[in-house]
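Data first, discussion second: the structure below is written as structure tokens.
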Amino acid sequence: MYLKIIGCVLIVLASSGYGYAKGLEYKKQVEELEYVSRLLRQVGGEISYLKAPLPDVLKRVGRRVKNPYQSWLFSLSDALGRKGDAVLGDVWRTKTEEELKGVFLCKEELEELKGLGGQMGHLDIRMQEQTLSWYAKRLEEKGQCLRTELAQKRRLCNLLGVMGGVFLAIILI
């Protein structure tokens, strides 16, 4: 009898923990979107004020950001510095795929970030600034939208975790 009670409590606790962890993932996704937006604004600002080549700008901004974005910007800068015949869009896409695997961005946002380099490769400095600014603003808007939904999603994940655990415990009794 006691083993059944302990088992039921453990099932409810485990499923509640899963729901709580899922809610934290939503929070991390919103924070990640905001961070990428700030990072891209920094790159755009450095391009506009310094008028420096993109590899120098990426290395300069990379010194001020956290990993994995720091290693992403450094590897982008190194690859563009020894570019040879490679196109910015191709280098950007491959380095983004290699370096940003563990970030909490959804698949759609990561694909858009990969495509950003292809858009910037054909533009002059002013258009690069505008493209980065537009993309950063878009990420901010998406982040604000997700932030408004965040409390609901976290509450829903917690509730579903607890209710799922209770349901499993009832079925197993």
Side-chain angles (χ1 to χ4, degrees), residues 17-154 157-158:
Y18 178 76
Y20 181 75
K22 205 65 170 158
L24 285 179
E25 282 183 25
Y26 284 122
K27 182 180 178 187
K28 287 180 183 178
Q29 182 182 5
V30 171
E31 291 171 352
E32 204 78 29
L33 276 174
E34 292 171 349
Y35 193 80
V36 171
S37 174
R38 283 193 308 269
L39 182 143
L40 292 176
R41 287 205 185 270
Q42 287 178 5
V43 170
E46 293 281 332
I47 288 173
S48 67
Y49 292 120
L50 294 179
K51 307 288 188 221
L54 192 58
D56 296 342
V57 168
L58 293 174
K59 191 165 290 234
R60 191 175 167 98
V61 172
R63 291 186 193 115
R64 296 188 303 249
V65 298
K66 65 180 181 178
N67 265 329
Y69 299 106
Q70 184 178 49
S71 61
W72 174 58
L73 291 176
F74 283 160
S75 66
L76 261 174
S77 175
D78 292 342
L80 291 173
R82 62 179 179 351
K83 182 171 75 169
D85 293 333
V87 179
L88 172 64
D90 296 337
V91 172
W92 187 285
R93 179 170 287 282
T94 56
K95 292 301 177 184
T96 303
E97 287 172 356
E98 291 171 5
E99 300 289 335
L100 298 181
K101 287 181 182 173
V103 296
F104 284 97
L105 296 176
C106 71
K107 204 171 217 176
E108 172 188 319
E109 293 152 359
L110 202 54
E111 283 300 317
E112 289 176 3
L113 184 61
K114 290 176 191 176
L116 179 64
Q119 295 173 358
M120 287 179 41
H122 306 289
L123 305 174
D124 62 351
I125 289 177
R126 190 171 72 60
M127 291 301 290
Q128 285 180 352
E129 295 167 12
Q130 290 177 351
T131 302
L132 286 170
S133 175
W134 173 81
Y135 186 72
K137 184 177 179 184
R138 189 166 179 275
L139 285 179
E140 284 175 0
E141 289 171 356
K142 190 179 273 191
Q144 287 174 353
C145 182
L146 287 175
R147 188 168 288 288
T148 58
E149 298 172 356
L150 180 66
Q152 273 184 327
K153 284 186 177 183
R154 287 187 72 183
C157 286
N158 291 339

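Here, residue 1 is the first one in the sequence, and each next residue gets the next number. From a predicted model like this one, the values you see are computed outputs, not experimental measurements.
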Next item on the list: Measure the shortest side-chain to side-chain distance between L132 and R41 over non-hydrogen atoms and say whether it is less than 4.5 angstrom.
Entry: no
Next item on the list: May I have the step-by-step check of side-chain hydrogen bond (donor to acceptor under 3.5 Å, both in side chains) for Y26 and E31, ending in yes or no?
Entry: CA-CA 9 Å; Y26 284 122; E31 291 171 352; over 6 Å; no
Next item on the list: Start with the C-alpha distance between E140 and K137, add both sets of side-chain angles, then the distance that settles salt bridge (Lys or Arg N to Asp or Glu O under 4.0 Å), and finish with yes or no.
Entry: CA-CA 5 Å; E140 284 175 0; K137 184 177 179 184; over 6 Å; no
Margin query: Working to the nearest 0.5 angstrom, can you tell me the gap between E25 CD and C157 SG?
Written below: 8.5 Å
Notebook entry, point to check: Considering all heavy atoms of both residues, which atom of L58 and which atom of S77 are nearest to each other, and what is their separation?
Noted result: CB-CB, 4.1 Å
Next item on the list: Measure the CG-CD distance between L33 and Q144 for me, rounded to the nearest 0.5 Å.
Entry: 11.0 Å
Note to self: Using a 3.5 Å distance criterion without hydrogens, assess whether the side chain of Q42 forms a donor-acceptor pair with backbone atoms of V61.
What the structure shows: no
Notebook entry, point to check: Does some side-chain heavy atom of Y18 sit less than 4.5 Å from a side-chain heavy atom of N158?
Noted result: no
Notebook entry, point to check: Is any side-chain heavy atom of E34 closer than 4.5 Å to a side-chain heavy atom of Q29?
Noted result: no
Margin query: Measuring only between side-chain heavy atoms, which start at C-beta, is S75 closer than 4.5 Å to E98?
Written below: no
Item checked: Within-4.5 Å side-chain heavy-atom neighbours: K59 and D78 -> yes
Check: How many angstroms lie between OH in Y69 and CG in L76, if you round to the nearest 0.5 Å?
Finding: 13.0 Å
Check: What's the shortest heavy-atom distance between L40 and A136, and which atoms?
Finding: CB-CB, 4.3 Å
Margin query: Would you say OH of Y35 has more than 12 non-hydrogen atoms from neighbouring residues, nucleotides or ligands within 6.0 angstrom?
Written below: yes
Margin query: Treating N67 as the side-chain partner and S71 as the backbone partner, does any N or O pair qualify as donor plus acceptor under 3.5 Å?
Written below: yes
Notebook entry, point to check: Considering only heavy atoms from C-beta outward, does the side chain of W72 approach that of V65 to under 4.5 Å?
Noted result: no
Margin query: As an exercise, state the distance from CG of L73 to CZ of R64, rounded to the nearest 0.5 Å.
Written below: 10.0 Å
Check: What do you reckon, is NZ of K22 surrounded by more than 12 foreign heavy atoms closer than 6.0 Å?
Finding: no
